[in-house]
Amino acid sequence: MSELYENRELSWLRFNERVLEEAEDERNPLCERLSFLSIFQTNLDEFFMVRVGSLHDQMLLENNPKENKTNMTAEEQIDAIADRVKVLAARHDMAYREEMSKLEKYDIKIINFAKLDAKQGEYLKMYFDHEILPLLSPMTVSKKQPFPFIKNNEIYAVSVLASKNNKERLGIIPCNDGMFRRLIQIPGSAGYYMLAEELILHFLPDVFSGYTVVSKSLVRVTRNADIDADKVYDEELNYRDHMAEVIKQRRKLCPVRMEYTRDMDKKVLQRIREHLNISENMMFKKGSPLELSFLFDIQDTLRHKPEFFFEKRIPQRSAQFDETKPLLPQIEEADKLLYYPYESIRPFLNMLTEAANDPDVVSIKMTLYRLAKHSKVVEALVEAAENGKQVDVLVELKARFDEENNIEWSRMLEKAGCHVIYGLEGIKVHSKLCLITLRKDDGVKYITQIGTGNYNEKTSRLYTDLSLMTADEKIGTEAAKVFQALSLNQLVKTTESLLVAPKCLQNKVIDKIEREIQIAKDGGEGYIGLKLNSLTDKKLIDKLIEASQAGVKIEMVIRGINCLRSGVEGKTDNIKVVSIVGRFLEHARIYIFGKGDREEMYISSADFMTRNTVRRVEVATPINDKELKDKIREIFMIMLSDNYKARIQQPDGSYVRVPAGEPVINSQERFYDIAYEKAGNSTAARE
C-alpha cells in the first residue's frame, strides 16, 4: 500500500515547485513572474519555520514517532527535504538570473561594484558613510564578546577578521533593521540599483578598520516558529497577554536553516553552524538575494507598462443582488452565493452594515480568523455594538502569524462593547461563520453566512472563495448551536444539516463516501467530487482508496498538499487529481457526493487535513438551492476542464501539465469573463 501515499512535506515541496514553474512560465507577464519568484521564497520560509520546525521538535521525542503514511521518521523527512530543497533552490536561483537579465533590456538592473564606474563608486562610498554607516551596529565575536542573537529571517553581513597578531574572529552586522532603504538608486543610471546589504558587505573593511577582512558573506537564519500556544499557557496570564508572550517566544526559537551567499572557510562555517546548532544539511548556499521583497518595489517602477502585468480585472457586482434595495429581505427570499474575487465582497459588507442599523436585528455573532489591516468588517461590528446590538465575536488569537493583528482587533472590539471570546483550549476555531438574529412579529429569524475564506477585503481580491448567505431555518438554528457551544467552551456533538468539526465532519464525510461505495457495489454510479487546498487525513484517504477500488468515480481539484497518489492501476485508477496554480490562490473548498437527484453539495472552511477534521472547529454547509448548486457544479467542471494552468497528478506522485487543447480554458480567466458578462460589463472593467 505504500505506493498509494505521498509524504506530506515532500508533497508540499511539489506544490511549491508548481509555484516556481509559474515564475519560469513565459506565458506569464514579466513582472508577474517576479511575483512568483518572491512567493516561492516566502512559501519556503514559512515551510521551514513551521513544518521543518515541527520535525525538529519531533526529533526530541523519546519514542521517535514515524509519519503515518510513508512511515518516515522526522530525521528521514528532514534529510529528504534538504535534498529536494537544494534542487529547487538551484532552479530558483537560475530563474531569478534569467528574469533579471530580461529586465536589463528595459534598463532595470541590480548591480554590484564590478559594474560601477569611478564616479558611481565615489557616490556610493559617500552614501554609505553618511546614510548607512552611522546606523550600523557592528559586533565582533571573541572570548569576551559572545555570539550575538541572530534574528529570524533577517540578513546579516558576516566576515572573518584577522587582527595584527593574526588571531581570527567573526564580525557580524545586521543589514535590514528598517532604518535605511534596501534598494539604493545608482546616480546617473536610472533603473540601476544596489541592495543595501551588498553595499554593507563591500565596505566591511571600512567598518572593521582595525582588522583585515579574510572572507565575507551575507547570511540569513530561519528559526522554528512552531509554538503550541496551549502547551505553554500560563493560567495566571490573561489569554490575550499570553498570546503576546507567545509571539515574543517565537522570535527566539531554535534555528532550523541557514542560507549564505559567498564561499567562506569551512572551519568558519562549521563554527557558525555549531553555535546555531544547525545540521550541515540545513545550510544552503544561495546564488540570488536572500530575500526578494525588493522585487515589488521594482514592479512599482514598471506600472506604466501594462504588458508586464496580468490584465487588470476588478471584482464585479453580483447579479443576484439589487444593491439599490435592502439586502436582508433579498436573502430571505432566496439563498445567495458570492464567488471571490470574481464577484465583489461588497454585498456581504453592506449586509453587515445594514444589520448594524436594522431595528429588527437583535444580535450579530461572528468568528474571525484573519482580517484586513483596515477592516470594514470590524467597523460594521463596532457600529452594531454602538447601536445597542448584542455583538459576540470569537477572535482566534492562534491564527499563525496574524496573532498581533488579531490581538489589536480584539481590543478595539471590546472597547466598543462587543463580547469577545478567544476560542477553545487546544483547538483552533477556523470556521467562517456569521449569524444575524432578527426579532420579527412572526418570531425569531436567522440570516446565516458561511464561507470558505476569511473576512478579509484584501484577500477577497486575491483568493478564490465562496460565501453563502441564507435564511434557511435549519442552517440558522444549527449555526446558533455552534455559537452557543463556543461561548460555553464546548464542542458541537450532533448535527443534522451542517457538518461541524471536530465531532461531526470527518465521520459524516466517511458515511457519505460509504454510501457511494455501496451504490457502486450495487451497480449504480458512485461519484465524489472534491475541491480542496490539501488532503492529508489518512482515514479519509483510505476511504477514498476503498471507494476507487469499489468503482466510485472520484474527481479532485487539490491546489497544494496531496498525500494520495492517484492513477495507480487497480487501486486508485478511478481517482483523478488536478492542481491549479495561477493568478489567484485557489482557496474554496467544495464537497460533492453523488449525482442527479441524490447529489449532496457542501462548501466549507475545512480541508481534508487531520488538523481541520479533528483538531479545529470547522463548518461545512449544504447547498440546497438548485441555481446555486448549478453554479458550483459549473465552477467545479470548468476547473476540471482547465488546459492552461492545470497539472494532473501521476501515479508516482509527480504532476505534469494538462496537454494544451482547443479551446484554451484558463479557468480563472474564464470565471472573470462569466462575472463580467453577468454584471453587464463585457468590455469595461468597472464595479
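- Under the 3.5 Å distance criterion, the side-chain polar atoms of Thr572 are matched with a main-chain donor or acceptor of Val568.
- The two residues Ile635 and Phe671 come nearest to each other via the heavy atoms O-CZ, 3.5 Å.
- Residue Asp25 is tested with Arg33, Arg583, Arg657, Arg647 for a salt bridge (charged side-chain N to carboxylate O under 4.0 Å, His left out); the sole match is Arg657.
- Look at Lys678 and Glu343 and you find no salt bridge, because none of the NZ, NE, NH1 or NH2 atoms lies under 4.0 Å from a carboxylate O.
- Of the inter-residue distances, the one linking Lys595 atom NZ with Glu516 atom CD reads 10.5 Å to the nearest 0.5 angstrom.
- Checking side-chain atoms of Glu67 against main-chain N and O of Thr70 turns up a donor-acceptor pair under 3.5 Å.
- Checked for salt-bridge contact, Lys512 and Glu600 meet the test: a charged N lies under 4.0 Å from a carboxylate O.
- Remark: Arg670 engages Glu677 in a salt bridge, criterion side-chain N to carboxylate O under 4.0 Å.
- Residues Lys629 and Asp625 are not paired through a salt bridge, judged by the lack of any N-O separation under 4.0 Å between the basic side chain and the carboxylate.
- Here the side chains of Asn456 and Ile345 are not in contact, with every heavy-atom distance at 4.5 Å or above.
- Between atom NZ of residue Lys631 and atom CD1 of residue Ile623 there is a gap of 10.5 Å, rounded to the nearest 0.5 Å.
- Checked options Leu530, Ile558, Ile541; the residue passing with Phe608 is Leu530 (criterion: side-chain contact (heavy atoms from CB on, under 4.5 Å)).
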For this session: Please test Glu76 against Lys66 for salt bridge (Lys or Arg N to Asp or Glu O under 4.0 Å), starting from the C-alpha separation and ending with a verdict.
Result: CA-CA 9 Å; Glu76 288 170 338; Lys66 294 185 177 182; over 6 Å; no
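- Of all the heavy atoms in Met72 and Ala80, the pair that sits closest is CE-CB, 4.0 Å.
- Using a 4.0 Å cut-off between a side-chain N of Lys or Arg and a carboxylate O of Asp or Glu, Asp511 and Arg515 do not qualify as a salt bridge.
- Note that OG1 of Thr367 and NE2 of His430 are 9.5 Å apart. Values are rounded to the nearest 0.5 Å.
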For this session: Before giving the answer on side-chain contact (heavy atoms from CB on, under 4.5 Å), spell out for Phe36 and Glu24 the whole-Å C-alpha distance, their side-chain angles and the decisive distance to 0.1 Å.
Result: CA-CA 9 Å; Phe36 282 113; Glu24 299 166 332; over 6 Å; no
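- Taking the six-membered ring for Trp, Tyr463 and Tyr340 have ring centres at least 6.0 Å apart.
- The closest side-chain donor-acceptor pair between Tyr5 and Asp542 falls under 3.5 angstrom.
- Under the 4.5 Å side-chain criterion, counting only non-hydrogen atoms from C-beta, His56 is in contact with Ile78.
- Val509 is listed as a side-chain neighbour of Phe593, based on a closest heavy-atom distance under 4.5 Å.
- Heavy atoms of other residues, nucleotides or ligands lying less than 6.0 angstrom from CD of Glu627 number 12 at most.
- No donor-acceptor contact under 3.5 angstrom links the side chains of Asn533 and Glu586, judged on distance only.
- Annotation: the span from Leu37 atom CG to Glu98 atom CD amounts to 10.0 Å, rounded to 0.5 Å.
- Within a 6.0 Å sphere centred on CD of Glu75, other residues, nucleotides and ligands contribute 12 heavy atoms or fewer.
- Residues Val617 and Lys428 fail the side-chain proximity criterion, which asks for heavy atoms closer than 4.5 Å.
- Of all non-hydrogen atoms in Gly551 and Ala520, the two that sit nearest each other are C-CB, 4.1 Å.
- In terms of modelled atom types and a separation under 3.5 Å, the side chain of Ser548 and the main chain of Asn574 share a donor-acceptor contact.
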Donor-acceptor contacts under 3.5 Å from residues 494-505 side chains, at least two apart:
from, atom 1, to, atom 2, distance (Å)
Thr494, OG1, Lys481, NZ, 3.1
Thr495, OG1, Leu498, O, 2.7

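- Between Tyr602 and Tyr591, the ring planes are tilted. Angles from 30° to 60° get that label.
- At distances below 3.5 Å, at least one donor-acceptor pair connects side-chain atoms of Thr477 with backbone N or O atoms of Glu473.
- A side chain to side chain donor-acceptor pair (under 3.5 Å) with Ser579 holds for exactly one of Arg18, Arg559, Arg14, Lys645; it is Arg18.
- Between the Lys432 side chain and the Val619 main chain, no donor and acceptor come within less than 3.5 Å of each other.
- Ion pair Glu669/Arg313 flagged as a salt bridge, since at least one NZ, NE, NH1 or NH2 atom sits closer than 4.0 Å to an Asp/Glu carboxylate oxygen.
- With a 6.0 Å radius and a threshold of 12 heavy atoms from other residues, nucleotides or ligands, Glu514 has its CD atom above the threshold.
- The residues Arg589 and Asp607 are annotated as salt-bridged, a charged nitrogen and a carboxylate oxygen being separated by less than 4.0 angstrom.
- Using a 4.5 Å heavy-atom cutoff, the side chains of Val19 and Glu22 are not in contact.
- Atoms OH and CD1, on Tyr644 and Ile580 in that order, are 13.5 Å from each other to the nearest 0.5 Å.
- Here Glu555 does not pair with Arg633 in a salt bridge; the nearest charged N to carboxylate O distance is not below 4.0 Å.
- Classification of Glu9 and Arg84 as a salt-bridged pair fails, no side-chain N sitting under 4.0 Å from a carboxylate O.
- Between Glu396 and Arg370 there is no salt bridge, since none of the side-chain N atoms of the basic residue sits less than 4.0 Å from a carboxylate O of the acidic one.
- A heavy-atom distance below 4.5 Å is not found between the side chains of Leu462 and Leu585.
- Expressed to the nearest 0.5 Å, how far OH of Tyr676 lies from CD1 of Ile314 amounts to 5.5 Å.
- Residues Met637 and Ser641 approach most closely at O-OG, 2.9 Å, considering heavy atoms.
- A donor-acceptor pair under 3.5 Å is absent between the side-chain atoms of Ser467 and the main chain of Leu338, judged by distance alone.
- Between the Gln649 side chain and the Ser566 main chain, a donor and an acceptor come within less than 3.5 Å of each other.
- Remark: the backbone N or O of Glu32 is not paired with any side-chain donor or acceptor of Asn28 at under 3.5 angstrom.
- With respect to Glu525 and Lys553, no salt bridge is recorded, no charged nitrogen being found less than 4.0 Å from a carboxylate O.
- Side chains of Tyr455 and Gln449: a donor on one and an acceptor on the other come within 3.5 Å.
- Across Asp335 and Ala471, no two heavy atoms sit closer than the pair OD1-N, 4.0 Å.
- In this structure, the side chain of Asp465 engages the main chain of Gly453 through a donor-acceptor pair within 3.5 Å.
- When side chains are defined from C-beta on, Ile674 does not count as touching Gln316, because their heavy atoms never get closer than 4.5 Å.
- Glu6 and Asn562 share no side-chain donor-acceptor pair at under 3.5 Å.
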For this session: Assess whether side-chain hydrogen bond (donor to acceptor under 3.5 Å, both in side chains) is satisfied between Asp673 and Tyr342, documenting all intermediate values.
Result: CA-CA 9 Å; Asp673 290 340; Tyr342 315 107; over 6 Å; no
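- Lys86 places a side-chain N or O within 3.5 Å of a backbone atom of Asn281 that can act as its donor or acceptor partner.
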For this session: Would you please test Met556 and Lys531 for side-chain contact (heavy atoms from CB on, under 4.5 Å) and show each step?
Result: CA-CA 6 Å; Met556 296 193 284; Lys531 182 185 181 302; over 6 Å; no
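- For the pair Glu478 and Val482, the minimum side-chain heavy-atom distance is 4.5 Å or more.
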